[in-house]
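Single-structure report; data block below.
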Amino acid sequence: MKYGYFDDAAREYVITTPKTPLPWINYLGNKEFFSLISNTCGGYTFYKDAKLLRLTRYRYNNVPYDNNGKYFYIKDVTDAANTVVWNPGWQPVKTKLDSYECRHGLGYSKFTSSKNDVEAKLLTFVPMNDNCEVSKLTITNNKSTAAKLSLFSYVEWCLWNADDDMKNFQRNLSTGEVEVVDGGSVIFHKTEYRERRNHYAIYGVNAKVDGFDTSRDAFLGAYNGPDSPDVVAEGKATNSVASGWSPIASQQINLDLAPGESKTFIFTLGYIENPEDDKWEAPSVVNKKPAFKMLDSYKTEEAVDKALKELCDYWDNLLGIYHISSKNEKVDRMVNIWNQYQCMVTFNMSRSASYYESGIGRGMGFRDSCQDLLGFVHLIPDRARQRIIDIASTQFQDGSAYHQYQPLTKKGNSDIGSGFNDDPLWLIAGTSAYVRETGDLSILKEIVPFDNDMSVAKTLMEHLKCSLNFTITHKGPHGLPLIGRADWNDCLNLNCFSEHPGESFQTFGPSEGPVAESVFIAGMFVKYGEEYAQLAELLGDDAEAKRARDEVKKVYDAVLDAGWDGEWFVRAYDAYSNKVGSKECEEGQIYIEPQGFCVLAGIGVKEGLAAKALKSVEERLDTKYGVMILQPAYTKYHLELGEVSSYPPGYKENAGIFCHNNPWVSIAETVLGHGNRAFEIYKKTCPAYIEDISDIHCTEPYVYSQMVAGRDAKFFGQGKNSWLTGTAAWTFVNISQYILGVYPTHNGLSINPCVPEDFGDFTLTRKYRDAVYTIDVKTNGSQSGVKKLTVNGKEIEGTVIPYEAGVKEYKVEVIM
Ligand code: BGC
Ligand code: NOJ
């Protein structure tokens, strides 16, 4: 069952009922100011950092779902005996609407709804170059008589630090402060501005208002929720000025609309910083100049429409960088629109702020952000470059890493541990992708601090060397890399041995033991060790490249020696040197990660093991909704394995369909030339292909979720944790570079598709470095292998189109 449809021409998903199984959200903002907005107008806003600079409050995991947002209440008092209050997004009053539509587009959301012949059209977005969210609301009277309406706006301020805001009530119920100007048209939230903050927030409307409220209790009534505000029931704002407690911003505008008449209002929610010496215009009165400047920029409809157009042009341009046209509508839709859009969002957010990540727990993940880069780097390479430097700046001198850093301060922290031994190698992955995309070797020579300390700075290439050496110097008894606290699978905690509830699996116990080893990290080392060697060669350091390749060979051999279980790759060795993910185990006999990653790294291909491993995946881990992470599921807690065995069978890392590593297996299939199977795996978790089962899948049909419940779970097929997942980047890498086969190498683009037999011919546009490639592929019903490659009329050998500086257009014909 579906709850909407894709409008590809508009690049929107159109939701036709507010009652989706879960809130279906969108992200607004591309640079530093961000909002989340659901299909019922729920959501929250922050500047740069969802923990430290939160503008509006959200109530996570609450009842009802999706509690709090930026709401508009329309009170229709035309018929005094039958007044009705409703919201354009249905929530929070939940009055049954006569019509409802929500269109989530790229960086904006639009709502159109109606009740009793009054129509509301709401557009909300964050302009490209301003720190604000703009909402344009048009109300039209479609009655045959005059309409008498009152409009009320509502946002609830967060007192900046979202963590403190929901914990430290003894303080923060006394700190809230506001200023109200223009009779309430503009409300300033200035909590803590009197002391160390140099910023405040505003909520303004471009019209005269008939009243305002800034005290939540005055607006709602102490025992009411946003679904039944006293002020709206009374129809009269109280002009409350908050002092402590919970400051809000609400404006009342009374409207008399003739039949057919419309009125439009523009509401702006903004973040303003003032210089330290220019904070005040009078004692206790904030300097409002920059706020009025901001409000001025959006006071007319034309200005708002222009800002929206800028946003749309921005996306036009970005999505022109990789564009496919094929007979496979759903592939085109995901590749051209939604997968790339999600890559942008994951790049911006890492795993920090969604409806499932509270924004206060995890900042930017080291491993997560490095992987997000892989799906983003082609869009805005300069931002990827800065991100690489930021991430590397948090690395320790021995190559290891904090697991995360805070976006505002860019400093690493150990809140969710450190000592995850895969982390260092992901830095090589991200850097290699950047250099292959841009050819910019200068990044490798950038001087980058360790742990943000410039006195111990070295070049980025030296950082990568530290990453490589970390693995080389941290190996266990089988010559395989030590796992540390965990590897990519945060839940494989082989040195943890936690016996007491509440201990964090990611921080409890020693971060490393002398024995527990990871075959997955071995796969990573083989892949990224080779990519490191290529970077060394580009810098002319052949000796270093040779050293890296020699080390890669050792790990490769160690995998064949100790990492092969007969039919598939072993997952790890535990702290007793027993195998994990082996036929010898009672539960958890096969894990997906080493099968995908070792094969995509090329391990066991020539030995014939790769094909066997993937066959085992198909036989043991495959389901109709995707490939499970392991089987059989752990039915009991294994002290020596940690969090992986803490989840009920079928959920999360314990035999869930962890979407992130499905593309690894799909890529692995392309390494063997299996186009049919690679695509089959691609389709199973692909949102557009499972739109029809939205009632089972539950999460948004336009983006990937972290997990789909596995076969052992009660709710098999149900998605969880949508939006912020490495699945976005890895799937884009899979479909764009491996299945469609346009892979950036250091020497130029390689074109080597691996598609299902019935995929048909396709055309691709790829902007790469400063040239445009138009690529026509005739597939001839073949799954893989390029028979003939012609570039600007000349046939070339192999699959790599040599990049020639100065050549602006490459017309490429591929015959498979
Ligand atoms: C989750 C993992 C996640 C980790 C982050 C665990 O509870 O299962 O998916 O990576 O927390 O700390
Ligand atoms: C989600 C985390 O963000 C990611 O870093 C990790 O690799 C996966 N969970 C698997 O545990």
Side-chain angles (χ1 to χ4, degrees), residues 351 361-362 365-368 396 398-404 412-426 470-471 473-478 480-524 563 570-582 584-594 629-630 632-656 658 660-661 706-707:
R351 306 297 165 269
R362 297 208 262 168
F366 191 100
R367 135 191 342 130
D368 296 321
F396 294 110
D398 70 351
S400 66
Y402 288 109
H403 206 40
Q404 63 175 23
N413 68 57
S414 299
D415 293 356
I416 55 163
S418 60
F420 296 81
N421 283 357
D422 62 318
D423 271 334
L425 294 173
W426 291 116
F470 183 86
T471 308
T473 54
H474 289 76
K475 287 194 202 151
H478 300 91
L480 293 165
L482 291 174
I483 196 166
R485 224 175 253 298
D487 58 23
W488 171 89
N489 189 333
D490 274 330
C491 299
L492 201 55
N493 316 116
L494 304 183
N495 297 303
C496 177
F497 292 91
S498 168
E499 285 182 282
H500 301 108
E503 285 162 356
S504 155
F505 290 106
Q506 271 85 42
T507 56
F508 183 77
S511 68
E512 194 159 274
V515 179
E517 297 163 295
S518 162
V519 177
F520 171 75
I521 301 180
M524 277 188 82
V570 177
R571 177 63 177 84
Y573 283 86
D574 70 16
Y576 306 108
S577 255
N578 292 326
K579 284 181 187 167
V580 179
S582 151
E584 295 166 17
C585 306
E586 194 194 324
E587 311 191 301
Q589 295 176 334
I590 174 170
Y591 279 64
I592 194 174
E593 302 99 306
I629 192 168
L630 62 85
Y634 295 106
T635 57
K636 45 187 189 284
Y637 178 55
H638 293 249
L639 186 62
E640 75 289 3
L641 300 180
E643 188 173 4
V644 67
S645 59
S646 75
Y647 287 111
Y651 291 116
K652 296 277 289 179
E653 280 87 343
N654 186 13
F658 220 89
H660 189 134
N661 34 40
Q706 180 202 58
M707 190 225 26

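Residues satisfying the ring pair (Phe, Tyr, Trp, His ring centres under 6.0 Å) test with Phe366, not counting sequence neighbours, are none. Shown here are the side-chain contact (heavy atoms from CB on, under 4.5 Å) partners of Ala516, two or more places apart in sequence or in another chain: Ile483, Leu494, Asn495. For Thr473, the side-chain hydrogen bond (donor to acceptor under 3.5 Å, both in side chains) criterion is met by no residue, not counting sequence neighbours. Partners of Glu593 according to the side-chain hydrogen bond (donor to acceptor under 3.5 Å, both in side chains) rule, which considers only residues two or more places apart in sequence or in another chain, are Asn489, Arg571. By the ring pair (Phe, Tyr, Trp, His ring centres under 6.0 Å) test, Tyr647 is found to be paired with no residue, residues two or more places apart in sequence or in another chain being considered. With sequence neighbours excluded, the residues forming a side-chain contact (heavy atoms from CB on, under 4.5 Å) with Ser498 are Cys496, Glu503, Phe505, Phe508, Tyr637, listed by chain and number. Contacts of Ser414 classified as side-chain hydrogen bond (donor to acceptor under 3.5 Å, both in side chains), with partners at least two apart in sequence or in another chain: none. Remark: Asp490 engages Arg367, His403, Phe420, Gln506 in a side-chain contact (heavy atoms from CB on, under 4.5 Å) (not counting sequence neighbours). Applying the side-chain contact (heavy atoms from CB on, under 4.5 Å) criterion to Ala522, with sequence neighbours excluded, gives Leu480, Pro481, Val555, Val559. Residues passing the salt bridge (charged side-chain N to carboxylate O under 4.0 Å, His left out) test with Lys579 are Asp565, Glu584, sequence neighbours excluded. The side-chain hydrogen bond (donor to acceptor under 3.5 Å, both in side chains) test applied to Ser645 returns no partner, not counting sequence neighbours.
Looking at heavy atoms from C-beta onward, Leu641 lies in side-chain contact with Tyr634 at the 4.5 angstrom threshold. By the 4.5 Å heavy-atom criterion applied to side chains, Phe470 and Asp423 are not counted as neighbours. Pro477 places a side-chain heavy atom less than 4.5 Å from the side chain of Val515.
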Side chain to side chain contact (heavy atoms under 4.5 Å, CB included) assessment of Lys652 paired with Gln706: CA-CA 8 Å; Lys652 296 277 289 179; Gln706 180 202 58; 2.8 Å; yes

Side chain to side chain contact (heavy atoms under 4.5 Å, CB included) between Asn493 and Arg485, intermediate numbers included: CA-CA 6 Å; Asn493 316 116; Arg485 224 175 253 298; 5.6 Å; no

Thr471/Met524 under side chain to side chain contact (heavy atoms under 4.5 Å, CB included): CA gap, chis, key distance, verdict: CA-CA 10 Å; Thr471 308; Met524 277 188 82; over 6 Å; no

Chi angles and distances behind the side chain to side chain contact (heavy atoms under 4.5 Å, CB included) call for Val644, Leu630: CA-CA 10 Å; Val644 67; Leu630 62 85; 3.9 Å; yes

Glu512/Asn421 under side chain to side chain donor-acceptor pair (under 3.5 Å): CA gap, chis, key distance, verdict: CA-CA 9 Å; Glu512 194 159 274; Asn421 283 357; 3.0 Å; yes

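Taking the six-membered ring where tryptophan is involved, the planes of Tyr576 and Phe497 are perpendicular, since the angle between them exceeds 60° and thus also 30°. Ring geometry for Trp488 versus Phe520: interplanar angle of 30 to 60°, hence tilted.
Scanning all heavy atoms of the two residues, the minimum distance from Ser400 to Pro424 falls at CA-CG, 4.0 Å. The two residues Tyr591 and Leu492 make their nearest non-hydrogen contact at OH-CD1, 3.6 Å. Of all heavy-atom pairs spanning Gln589 and Cys585, the tightest one is NE2-O, 2.9 Å. Between Trp426 and Asp422 the shortest heavy-atom distance is NE1-OD2, 2.8 Å. The heavy-atom pair separating Ile521 from Ser518 by the smallest distance is N-OG, 2.8 Å. Residues Pro514 and Leu482 come closest through the heavy atom pair O-CD2, 3.5 Å.
Residue pairs that meet the salt bridge (charged side-chain N to carboxylate O under 4.0 Å, His left out) test with at least one member in residues 634-643, sequence neighbours left out, are Glu586-Lys636.
Summarising the geometry, atom CD belonging to Glu587 is positioned 3.5 Å from atom OG1 belonging to Thr635; distances are rounded to the nearest 0.5 Å.
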